[in-house]
Amino acid sequence: MHAWPASEVPALPGQGRDLRIHDTATGGTVTLDPGPVARLYVCGITPYDATHLGHAATYNAFDLVQRVWLDTKRQVQYIQNVTDIDDPLLERAVENGDDWAELAERETALFREDMTALRMLPPEHFVGAVEFIPRIVPMVERLRDMGAAYELEGDVYFSVEADSHFGEVSGLDAETMRLLSAERGGDPERPGKKNPLDPMLWRAAREGEPQWDGASLGPGRPGWHIECVAIALEYLGMTFDVQGGGSDLAFPHHEMGASHAQALTGEHPFAKTYVHAGMVGLDGEKMSKSKGNLVFVSQLRRDDVDPAAIRLALLAHHYRADWEYTDAVLDEAKSRLARWRSAVSRPDGTAAEAVVEEIREALANDLDAPSALAAVDRWAAEQERGEGTDPGAPGLISRAVDALLGVAL
Ligand code: 5CA
Ligand code: ZN
């Protein structure tokens, strides 16, 4: 499927910094060392509802990763999927009396608009799971033929024992894995599985559900984790730089994905670094489509909120923090945007080079966007006092805020 249009990323004078970022697998900070083409896979939406601020916060984090890389003059090969076939999508379609494929298409179109408005850089390949089924089927067959998968009443399960590195992404104990598996799409209680954690690779066709040709697997549809693995391996290959998503994906999704890929290829690791964004909540609960406590990007846009203010509301929180959305968060972002716009509209400014370096340093330090905002705040306060004499400064700040933070002033 097609992605969305890219906004320009202005080039900045000077040198970008290498990114130091928290890696879920090692539990520590690592300095990323991508080649001239940095490779990033970020898990995309399940399109059964509109993009909420939690999704947007996660995509904001990985947009910053790309902007830091671009600032180091690297190219970025960025892949994102759309989970356009999955249980929650089918359930919602039945609930609404909608056609599942139309629902997915409608919500994906809205997601593109939201991402464009927020100036999120588009992936080079934006890939639906459905269009990838013909590539997924032979992978599942291969896993089965090599003994890494087995059949249970027509369904095919991955055997977590097939990967000696299983557990290394999330680092969780067996009991926690079991609980999270039950919560997040797994079926640890199903009798007959070799290991309760084993995830489904291929779900045999059920009455009333869409189905695809599965060759020797029989008709059915793919499991969730293998979809992302097939897409990532096709476009990025093994040992790509960063696998990203919200912290709710560390287990089981990214754990299982890594094991699928490692069992399939015999290579390790699937991704060099696993990066997870915190959860955004509302009224004390994680914002989630199933709970219905959502603030939609598209609704804010309809209410005439400037997308740059929405972006500043996201940037005001460290990407790894769990945080609560309130109206005050948005009000503060709106007032910051107004202050910054007024500051860059003056003919002169105080020295901007040092501010650009502060933004660079803050972002390189585990994407510390709040500190980057504080640096621009200080510059804007100096501007308000009319202290500047450099006619190039306002333009440089505008370009830096655009290039590094994705905010158009
Ligand atoms: N389609 C799968 C990934 S393959 C999926 O998780 N889709 S999703 O629509 O549920 O979420 C899309 C992205 O937003 C994921 O990276 C997820 O971790 C993240 N996300 C979901 N809810 C929140 C939240 N409340 N706060 C922050 N990020 C969230
Ligand atoms: Zn995924």
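Scanning for side chain to side chain contact (heavy atoms under 4.5 Å, CB included) contacts around Gln299 gives Phe296, Arg302, Asp303, with sequence neighbours left out. Residues that satisfy the side chain to side chain contact (heavy atoms under 4.5 Å, CB included) test with Ala333, not counting sequence neighbours, are Leu312, Ala313. By the side-chain hydrogen bond (donor to acceptor under 3.5 Å, both in side chains) test, Arg346 is found to be paired with no residue, residues two or more places apart in sequence or in another chain being considered. Scanning for side chain to side chain contact (heavy atoms under 4.5 Å, CB included) contacts around Ser7 gives Arg67, Arg119, Leu121, with sequence neighbours left out. Asp390 pairs by the side chain to side chain contact (heavy atoms under 4.5 Å, CB included) definition with Ala393, not counting sequence neighbours. With sequence neighbours left out, Thr83 forms a side-chain hydrogen bond (donor to acceptor under 3.5 Å, both in side chains) with Asn81. In this structure, the side-chain hydrogen bond (donor to acceptor under 3.5 Å, both in side chains) partners of His254, at least two apart in sequence or on a different chain, are His276. Shown here are the side-chain hydrogen bond (donor to acceptor under 3.5 Å, both in side chains) partners of Arg106, two or more places apart in sequence or in another chain: Asp98.
A donor-acceptor contact under 3.5 angstrom links the side chains of His253 and His225, judged on distance only. Counting only N and O atoms by type, the side chains of Asp187 and Tyr157 include a donor and acceptor under 3.5 Å apart. Side chains of Tyr319 and Asp366: a donor-acceptor N/O pair is present below 3.5 angstrom, by distance only. Side-chain N/O atoms of Asp198 and Tyr150 include a donor and acceptor closer than 3.5 Å. A side-chain N or O of Asp377 and one of Trp340 form a donor-acceptor pair less than 3.5 Å apart.
Ion pairing between a basic and an acidic side chain is recognised when a charged N comes within 4.0 Å of a carboxylate O; Arg144 and Glu151 show no such pairing. Under the 4.0 Å criterion applied to side-chain N and carboxylate O atoms, Arg206 and Asp155 are assigned as salt-bridge partners. No salt bridge links Asp331 with Arg336; every basic N to acidic carboxylate O contact stays at or beyond 4.0 Å. Salt-bridge check for Glu183 with Arg178: failed, with every basic side-chain N at 4.0 Å or more from each acidic carboxylate O. Ion pairing between a basic and an acidic side chain is recognised when a charged N comes within 4.0 Å of a carboxylate O; Arg92 and Asp49 show such pairing.
By the 6.0 Å contact criterion, CD on Glu358 is enclosed, its count of non-hydrogen atoms from other residues, nucleotides or ligands being greater than 12. Applying the 6.0 Å contact sphere to CD of Glu105 captures no more than 12 heavy atoms from other residues, nucleotides or ligands.
In this structure, Ile310 and Arg301 have side chains that are in contact, with non-hydrogen atoms separated by less than 4.5 Å. You'll find the side chain of Leu64 reaches within 4.5 Å of the side chain of Leu363, heavy atoms only. Using a 4.5 Å heavy-atom cutoff, the side chains of Leu53 and Leu300 are in contact. Two residues are said to be in side-chain contact when any heavy atoms from C-beta on lie closer than 4.5 Å; Val65 and Tyr78 fail this criterion. Between His125 and Met1, the closest side-chain pair of non-hydrogen atoms is not below 4.5 Å. Under the 4.5 Å side-chain criterion, counting only non-hydrogen atoms from C-beta, Ile21 is in contact with Val30. With a 4.5 Å cut-off on side-chain heavy atoms, Glu168 and His268 count as touching. A 4.5 Å side-chain heavy-atom check between His55 and Asn60 finds every atom pair outside the cut-off.
Summarising the geometry, atom CE belonging to Met146 is positioned 11.5 Å from atom OG belonging to Ser159; distances are rounded to the nearest 0.5 Å. Distance check, rounded to the nearest 0.5 Å: CE of Met120 to CG of Asp114 gives 9.5 Å. Rounding to the nearest 0.5 Å places CD of Glu324 at 9.5 Å from NE2 of His317.
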Asp63/Arg311 under salt bridge (charged side-chain N to carboxylate O under 4.0 Å, His left out): CA gap, chis, key distance, verdict:
CA-CA 11 Å; Asp63 193 68; Arg311 183 103 193 208; 2.6 Å; yes
For Ile79 and Ile231, run side-chain contact (heavy atoms from CB on, under 4.5 Å): C-alpha distance rounded to whole Å, both residues' side-chain angles, the deciding distance at 0.1 Å, then the answer.
CA-CA 8 Å; Ile79 312 299; Ile231 295 167; 3.7 Å; yes
Apply side-chain contact (heavy atoms from CB on, under 4.5 Å) to Phe270 and Thr265, showing your working.
CA-CA 9 Å; Phe270 178 46; Thr265 62; over 6 Å; no
Please report the C-alpha distance between Asp402 and Glu8 in whole Å, then the side-chain angles of each, then the deciding distance to 0.1 Å, and finally whether the side-chain contact (heavy atoms from CB on, under 4.5 Å) criterion is met.
CA-CA 9 Å; Asp402 187 357; Glu8 282 278 320; 5.8 Å; no
Should Lys334 and Asp306 be marked as a salt bridge (charged side-chain N to carboxylate O under 4.0 Å, His left out) after you check the CA-CA gap, both sets of side-chain angles, and the distance that decides it?
CA-CA 8 Å; Lys334 287 179 186 167; Asp306 190 320; over 6 Å; no
Please test Arg360 against Glu357 for salt bridge (charged side-chain N to carboxylate O under 4.0 Å, His left out), starting from the C-alpha separation and ending with a verdict.
CA-CA 5 Å; Arg360 277 181 164 141; Glu357 294 312 310; 3.0 Å; yes
Please report the C-alpha distance between Lys194 and Glu161 in whole Å, then the side-chain angles of each, then the deciding distance to 0.1 Å, and finally whether the salt bridge (charged side-chain N to carboxylate O under 4.0 Å, His left out) criterion is met.
CA-CA 9 Å; Lys194 289 189 180 163; Glu161 267 93 39; over 6 Å; no
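With hydrogens and angles ignored, the 3.5 Å screen pairs a side-chain donor or acceptor of Trp379 with a backbone N or O of Thr350. Of the possible donor and acceptor atoms, one in the side chain of Asp322 sits under 3.5 Å from a partner among the backbone N and O of Met279. Of the possible polar contacts, one joining the Asp84 side chain to the Val130 backbone as a donor-acceptor pair under 3.5 Å is found. When atom types are taken as modelled, the side chain of Arg184 and the backbone of Phe251 share a donor-acceptor pair closer than 3.5 angstrom. Looking at Thr116, its side chain does come within 3.5 Å of a backbone N or O of Arg112 through a donor-acceptor pair.
Within the structure, the ring-ring contact (aromatic ring centres under 6.0 Å, His included) test picks out the following pairs touching residues 180-214 (sequence neighbours left out): Trp100-Trp212. Judged as a salt bridge (Lys or Arg N to Asp or Glu O under 4.0 Å), the pairs with a partner in residues 242-267 (not counting sequence neighbours) are, in order, Asp248-Lys286. Applying the ring-ring contact (aromatic ring centres under 6.0 Å, His included) test to residues at least two apart or on different chains, the pairs with a partner in residues 3-24 are Trp4-Phe111, Trp4-Phe126.
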Would you mind writing out the side-chain donor-acceptor pairs for residues 232-245 within the sub-3.5 Å range, not counting sequence neighbours?
{"residue": "Glu234", "atom": "OE1", "partner": "Arg135", "partner atom": "NH1", "Å": "3.0"}
{"residue": "Glu234", "atom": "OE2", "partner": "Arg135", "partner atom": "NH1", "Å": "2.7"}
{"residue": "Thr239", "atom": "OG1", "partner": "Pro269", "partner atom": "O", "Å": "3.0"}
{"residue": "Asp241", "atom": "OD1", "partner": "Lys272", "partner atom": "NZ", "Å": "3.2"}
{"residue": "Asp241", "atom": "OD2", "partner": "Arg39", "partner atom": "N", "Å": "2.8"}

